[in-house]
Amino acid sequence: MYERTLNFRSEVIALVKSIPRGRLMTYGQIAALAGSPRAARVVGGIAHYGDPALPWQRVVNKKGYLASGYPGGRRGHLAALENEGIKITNNRAPIESLIWWPKTK
DNA sequence: CGTGTGACGCGAG
DNA sequence: CCTCGCGCCACAC
């Protein structure tokens, strides 16, 4: 279906908005839930050019490392995450314990 | 309207 | 263990 692409952007936005404070999701995870498991890059693209008001600070890469293009750089990203109670060590977040799954238990 | 780049991820070598 | 390359979609120019 050709409306898959339109849904993709909407899904990504909806997913990002649904991430609770203090929780994290990965780009690949969001991409997969939005319908394209290998479109992690696209999520990054939406993050940069899309709606800046969304809580993108709760989105990190699979290793838990911070985003380079975040406003203020990794430093700004780090500050935003620590502001939510997430402890960052060496530019990396403990995603294993903070990862958030919207529909999974 | 066509092309390039990007806040990523994973398989192969 | 490491480095390299492809895939994916959106958005800027």
Side-chain angles (χ1 to χ4, degrees):
Chain A
M1 6 187 326
Y2 34 82
E3 49 182 324
R4 184 178 338 178
T5 60
L6 290 178
N7 285 331
F8 186 81
R9 189 173 65 80
S10 302
E11 290 289 322
V12 171
I13 293 171
L15 286 165
V16 173
K17 282 161 97 175
S18 72
I19 306 175
R21 181 182 178 281
R23 292 296 193 130
L24 299 173
M25 281 186 80
T26 70
Y27 293 98
Q29 184 187 359
I30 292 172
L33 290 172
S36 296
R38 313 215 162 146
R41 281 191 110 178
V42 186
V43 179
I46 296 172
H48 187 72
Y49 296 112
D51 191 341
L54 296 176
W56 293 110
Q57 66 256 23
R58 294 172 190 158
V59 184
V60 296
N61 64 31
K62 194 134 192 232
K63 300 169 203 149
Y65 286 106
L66 307 183
S68 55
Y70 193 85
R74 293 194 180 82
R75 204 207 115 152
H77 195 172
L78 184 151
L81 288 176
E82 288 196 325
N83 189 36
E84 301 202 343
I86 301 176
K87 305 276 176 76
I88 307 300
T89 306
N90 194 18
N91 271 343
R92 187 174 67 105
I95 57 170
E96 308 213 352
S97 57
L98 293 177
I99 203 69
W100 162 251
W101 291 85
K103 34 167 77 164
T104 307
K105 37 139 290 68

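By convention in this document, chain letters (A, B, ...) are assigned in the order of the sequence lines, proteins followed by strands, and residues within each chain are numbered from 1.
- Atom OH of A/Tyr49 is separated from atom P of C/dC13 by 7 Å (rounded to the nearest Å).
- A/Ser36 has no side-chain polar atom (N or O) that falls below the 4.0 Å cut-off from OP1 or OP2 of C/dC8.
- Distances from the side chain of A/Phe8 to the nucleotides C/dC9, B/dC8, C/dA12 place C/dC9 closest.
- For A/Lys62, the side-chain atoms get nearest to B/dC10 when compared with the rest of B/dA7, C/dA10, B/dC10.
- For the pair A/Ile46 CD1 and C/dC8 C1', the computed distance is 11 Å after rounding to whole Å.
- Looking at A/Gln29, its side chain does come within 3.5 Å of a backbone N or O of A/Trp100 through a donor-acceptor pair.
- With C/dC8, C/dA10, B/dA7 as the choices, the nucleotide that has an atom nearest any side-chain atom of A/Trp56 turns out to be B/dA7.
- Rounded to an integer number of Å, the gap from A/Tyr27 OH to C/dA10 P is 17 Å.
- One cannot find a donor-acceptor pair under 3.5 Å joining the base of B/dG9 and the side-chain atoms of A/Arg41.
- Considering A/Ile13, A/Leu15, A/Ile46 in turn, A/Ile13 is the only one that fulfils the side-chain contact (heavy atoms from CB on, under 4.5 Å) rule with A/Leu54.
- Between the CD1 atom of A/Ile99 and the C1' atom of B/dG9 there is a distance of 14 Å, given to the nearest Å.
- Using a 4.5 Å cut-off between side-chain heavy atoms of Ile, Leu, Val, Met, Phe, Trp and Tyr, with links allowed through other members, A/Ile95 and A/Tyr65 fall into different hydrophobic clusters.
- In this structure, A/His48 places its NE2 atom 12 Å from P of C/dC11, rounding to the nearest Å.
- The shortest side-chain heavy-atom distance between A/Pro102 and A/Met25 falls under the 4.5 Å cut-off.
- Within the 3.5 Å criterion, the main-chain N or O of A/Lys63 finds a donor-acceptor partner in the side chain of A/Asn61.
- With rounding to whole Å, A/Leu33 atom CG is found 17 Å from C/dC9 atom C1'.
- Look at CG on A/Leu78: it is 18 Å from P on B/dA7, rounded to the nearest Å.
- One can place CG of A/Leu54 at 16 Å from P of C/dA10, the figure rounded to the nearest angstrom.
- Across C/dC6 and B/dG4, the matching P atoms stand 15 Å from one another, rounded to whole Å.
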